[in-house]
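Start at 1 and go down the list; that is how both ligands and their atoms are numbered. Remember, predicted model here, so these are calculated numbers, not experimental data.
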Amino acid sequence: MALSSDSPTDRESSEKITIQNVSRSYESTHALADVSFSVAEGEFCCVVGPSGCGKTTLLRAIAGLDDPDGGSILVGGDPVTGPGLDRGMVFQEYALFPWRTVRGNIRFGLDRPACDCPDCEARVRELIDLVGLDGFEDAYPKELSGGMKQRVGIARALAPDPDILLMDEPFGSVDARTRDRLHAELLDIWTQTGQTVVFVTHDIDEAVTLADRVIVMDADPGTVQSTFSIDLERPRERTSRDFVDHVARIRDELGSPADTSH
Ligand code: ADP
């Protein structure tokens with residue numbers, strides 16, 4: 001178990017996302033203040049922290065949906081200037097189109113959503129199979145459970161085959177058993193695709209279940225407090241001593257004031 005300061009030399013060669021001194025304020029609220037860290041290519045990175053510490057603001061900035069006041073965000077070495085098909089986003093509240101079927105919602109994620117050529121049809125089919133929604137192609141969101149809706153959200157984000165998957169508390173609204181299943185499915189997808197994942201959660205167990213590395217943020221202003229490497233084999237056993245130790249270390253850190261020496 002390691003409480004590590006990010007070693008730039010370790011990651012320089014494979015940095016996929018580089019966040020440098022990013023700040024964002026809303027009137028008197030410092031949602032992000034001088035936030036810097038990087039995410040390696042293919043890494044599964046979880047960001048945890050109390051409500052209001054700027055997790056969503058940070059994710060939206062990486063997605064190009066929000067423009068920071070200061071600093072820069074590079075993806076693959078290029079500055080983020082807006083949304084792009086290289087970054088897929090999954091939202092907490094699903095954000096599905098209620099008037100579109102499962103197939104129609106997933107298709108919307110494609111580069112050419114209106115196209116019904118055999119290649120696009122095959123891609124939608126592949127995504128439906130990948131997220132286990134076979135048989136529900138023609139269902140509307142209101143006919144689906146929370147877990148199924150989020151499977152649609154994930155398939156839609158994966159549709160253009162993005163290099164990066166940005167997930168904003170995606171499983172916050174599903175029951176515990178469904179969440180466990182979705183964790184396993186997400187890790188399978190990540191293993192298959194090799195995507196770089198930034199996953200926001202306030203749930204430390206969830207972060208330790210999923211992540212290669214956990215970034216702990218502090219609020220008011222939103223800053224990076226510390227970084228933990230999670231060097232446990234997957235699938236992870238939540239009752240194992242190592243797992244419980246990791247969770248306890250992060251919980252202790254969240255309970256303590258920001259320490260900029262990490
Ligand atoms: P988190 O995701 O960690 O809960 P957010 O990124 O949503 O945090 O918000 C960080 C801070 O910025 C909070 O204090 C929130 O109220 C504020 N904030 C976020 N978006 C806006 C906005 N559009 N207008 C005003 N304040 C905002």
field: In one Ile/Leu/Val/Met/Phe/Trp/Tyr side-chain cluster, 4.5 Å: Met89, Val174
entry: no

- prompt: Do Asp212 and Arg234 sit within salt-bridge range, that is, some charged N less than 4.0 Å from a carboxylate O?
  reply: yes

- request: Please state whether the rings of Phe44 and Phe199 are parallel, tilted or perpendicular, taking 30° and 60° as the class boundaries.
  value: tilted

query: Should the pair Asp119-Arg123 be classified as a salt bridge under the 4.0 Å nitrogen-to-oxygen rule?
result: no

- prompt: Between Arg238 and Asp180, is there a side-chain N and carboxylate O pair less than 4.0 Å apart?
  reply: yes

- prompt: Name the residues in contact with ligand 1, where contact means a heavy atom under 4.0 Å away: which are they?
  reply: Tyr26, Thr29, Ala31, Pro50, Ser51, Gly52, Cys53, Gly54, Lys55, Thr56, Thr57

- prompt: Centroid-to-centroid, Phe228 to His246, below 6.0 Å?
  reply: no

